[in-house]
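This report refers to the structure that appears directly beneath it.
Just so you know, ligand 1 is whichever comes first in the structure, and atom 1 is the first atom listed for that ligand. Residue numbers count from 1 along this sequence.
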Amino acid sequence: MKKLSLILSVAAIFLAAKSEAQTPSLRDAFKNDFLIGTAMNTWQIEGKDTAGDRLIKQQFNAVTPENCMKAEIIQPGWDKYNFELADKLVAFAKKNNIKVNAHNLIWHSQLPAFMHHMQSADSVRQYFENHITKVASRYDGKVYSWDVVNEALNEDGTLRKDIFLDKLGDDYIVEAFRLAQKAAPHTKLYYNDYNIEQPKKRVGAIALIKKIQAAGVRIDGVGIQGHWKAGVVPMADIEESIKEFSALGIDVMFTELDLSVLPNPWDKVTADVSETAQGSAKMNPYTKALPDSMQQLLAKSYADLFTLFMKYKKNIGRVTFWGVNDGQSWLNGFPIRGRTNYPLLFDRNFKPKPAFYSVIATAKK
Ligand code: G3I
């Protein structure tokens with residue numbers, strides 16, 4: 001009996017590896033077009049998610065740390081840095097011929113605790129200069145690129161009011177890129193944000209990029225995060241943004257791509273918060289599985305997007321998914337905790353979904 005179950009489990013592993021080996025690879029399919037990446041979480045970086053790591057090596061030639069290179073983790077104390085996970089990520093990537101887009105140096109969120117109530121502008125400037133210089137210089141030439149500044153704009157294109165704008169003034173973004181270019185001369189430098197395909201916010205992002213360029217400071221690209229919704233992807237705005245951003249002579253990237261299949265509280269104007277409250281079946285309709293109709297809607301949305309990316313492949317440097325499989329996605333916990341979302345190309349068993357094959361099909365056209 002014991003011998004039989006051993007044979008069966010070996011057979012199962014062999015078959016899984018065999019079917020995986022037969023699965024086409026995104027990195028090979030788009031190797032002449034643009035980098036294909038994924039966000040990598042702590043478990044994957046620590047090698048605790050072996051199936052995830054295997055898929056990352058097979059499918060992707062770029063990775064972005066989902067959290068481990070953010071300020072609250074990489075600089076937990078005024079003079080205290082923790083490079084353990086970031087070093088592991090860089091080593092994994094080097095070993096597997098994968099490029100790292102480091103994320104991120106300056107962001108209003110996930111700041112170290114000591115920054116939360118900092119009043120003195122001098123202290124904020126000290127932190128700002130130390131953090132960029134210390135962290136960016138350590139990984140210069142080891143990472144391919146940095147999201148130097150992340151999410152500094154409001155939806156109307158004006159600068160977001162945060163501790164950096166408040167204490168350092170309007171020029172803090174130019175200063176961040178100036179410090180990064182000095183600390184990391186061998187690393188590409190990007191501005192990264194969500195909804196900058198939207199007309200008003202796009203105007204703000206273009207003004208921001210032109211200001212850096214006018215100051216004679218290096219910026220190599222702009223990252224459009226791409227947190228969209230299946231079936232309502234703003235295709236015309238995305239195409240217009242590719243044209244307008246590439247006209248600035250910089251790379252355009254789609255850096256945190258995922259397509260939610262779940263209703264959002266703001267989808268439906270309702271005053272009845274219980275409808276949008278956690279646990280409402282209406283807001284979490286696919287707890288068991290995603291119906292085929294939604295699989296097809298997701299596959300169509302991804303196919304339309306990648307058809308557009310292929311049309312502008314000369315202007316697009318990278319497309320990164322914000323997670324390896326549906327189970328890892330932040331969209332299971334946002335904007336409502338405890339939901340079951342299916343926004344990516346691989347399911348919770350690391351199996352390719354119809355959307356995966358619709359994306360691969362666009363590479364062949
Ligand atoms: O590590 C702690 C753990 O020790 C603790 O037990 C647990 C319980 O609360 O929290 C863990 O930290 C969480 C962290 O992810 C790691 O899992 C934080 O609470 C949680 O807020 C954090 O969420 C991240 C979020 O950024 C924070 O803003 C998501 O994983 C990450 O996907 C998301 O990524 C952002 C991009 O950086 C920028 N663009 C938007 C995107 C989605 O919000």
Please determine whether a side-chain nitrogen of the Lys or Arg among Lys311 and Glu239 lies less than 4.0 Å from a carboxylate oxygen of the Asp or Glu. yes
Taking 4.0 angstrom as the limit and counting only heavy atoms of His227, give me the atoms of ligand 1 inside it, by number and element. 40 (C), 41 (C)
Using a 4.0 Å cut-off to any heavy atom of Glu66, which atoms of ligand 1 qualify? 29 (C), 30 (O), 31 (C), 32 (O)
Salt-bridge criterion met for Asp304 and Lys300 (N-O under 4.0 Å): yes
Using 30° and 60° as the class boundaries, would you call the ring planes of His103 and Trp107 parallel, tilted or perpendicular? tilted
Exercise check, heavy-atom protein proximity under 4.0 Å to atom 1 (O) of ligand 1: no
In this structure, is the centre-to-centre distance between the rings of Phe306 and Phe30 below 6.0 Å? yes
What is the nearest protein non-hydrogen atom to atom 40 (C) of ligand 1, stated with its residue, atom name and distance? Glu256 OE1, 3.3 Å
I'd like to know if Glu155 and Lys200 make a salt bridge, using a cut-off of under 4.0 Å between side-chain N and carboxylate O. no
Determine whether the side chain, the backbone, both or neither of Phe334 has a heavy atom under 4.0 Å from any heavy atom of ligand 1. neither
In the protein, which heavy atom is nearest to atom 16 (C) of ligand 1, and how far is it? Asn67 ND2, 3.7 Å
Hey, is atom 12 (O) of ligand 1 touched by any protein heavy atom at less than 4.0 Å? no
What protein heavy atom is closest to atom 38 (C) of ligand 1, reported as residue, atom name and distance in Å? Glu151 OE2, 3.2 Å
Non-hydrogen protein atom less than 4.0 angstrom from atom 7 (C) of ligand 1: no
Answer yes or no for atom 36 (C) of ligand 1: protein heavy atom present at a distance under 4.0 Å? yes
Going by distance only, is there an N or O of Lys70 that falls short of 3.5 Å from an N or O of ligand 1? yes
For residues 44-80, pull every pair meeting ring pair (Phe, Tyr, Trp, His ring centres under 6.0 Å), keeping only residues two or more places apart or in separate chains. Trp78-Phe114
Identify, for atom 34 (O) of ligand 1, the protein heavy atom at the shortest distance, and state residue, atom and that distance. Trp322 NE1, 3.2 Å
Answer yes or no for atom 24 (C) of ligand 1: protein heavy atom present at a distance under 4.0 Å? yes
Is there a protein heavy atom at a distance of less than 4.0 Å from atom 42 (C) of ligand 1? yes
Can you tell me which residue pairs pass the side-chain hydrogen bond (donor to acceptor under 3.5 Å, both in side chains) test with a partner in residues 32-43, sequence neighbours excluded? Asp33-Lys313
Output for pair (Phe309 CZ, Ile238 CD1), nearest 0.5 Å, gives 6.5 Å
Sub-4.0 Å protein heavy atom next to atom 32 (O) of ligand 1: yes
For Asn150, which part has a heavy atom under 4.0 Å from ligand 1: side chain, backbone, both, or neither? side chain
Non-hydrogen side-chain atoms of Trp146 and Val143 separated by less than 4.5 Å: yes
If you have a sec, work out which protein heavy atom is nearest atom 27 (C) of ligand 1 and how many Å separate them, to one decimal? Gln110 OE1, 3.2 Å
Mind checking whether Ser145 and Asp220 have side chains closer than 4.5 Å, heavy atoms only? no
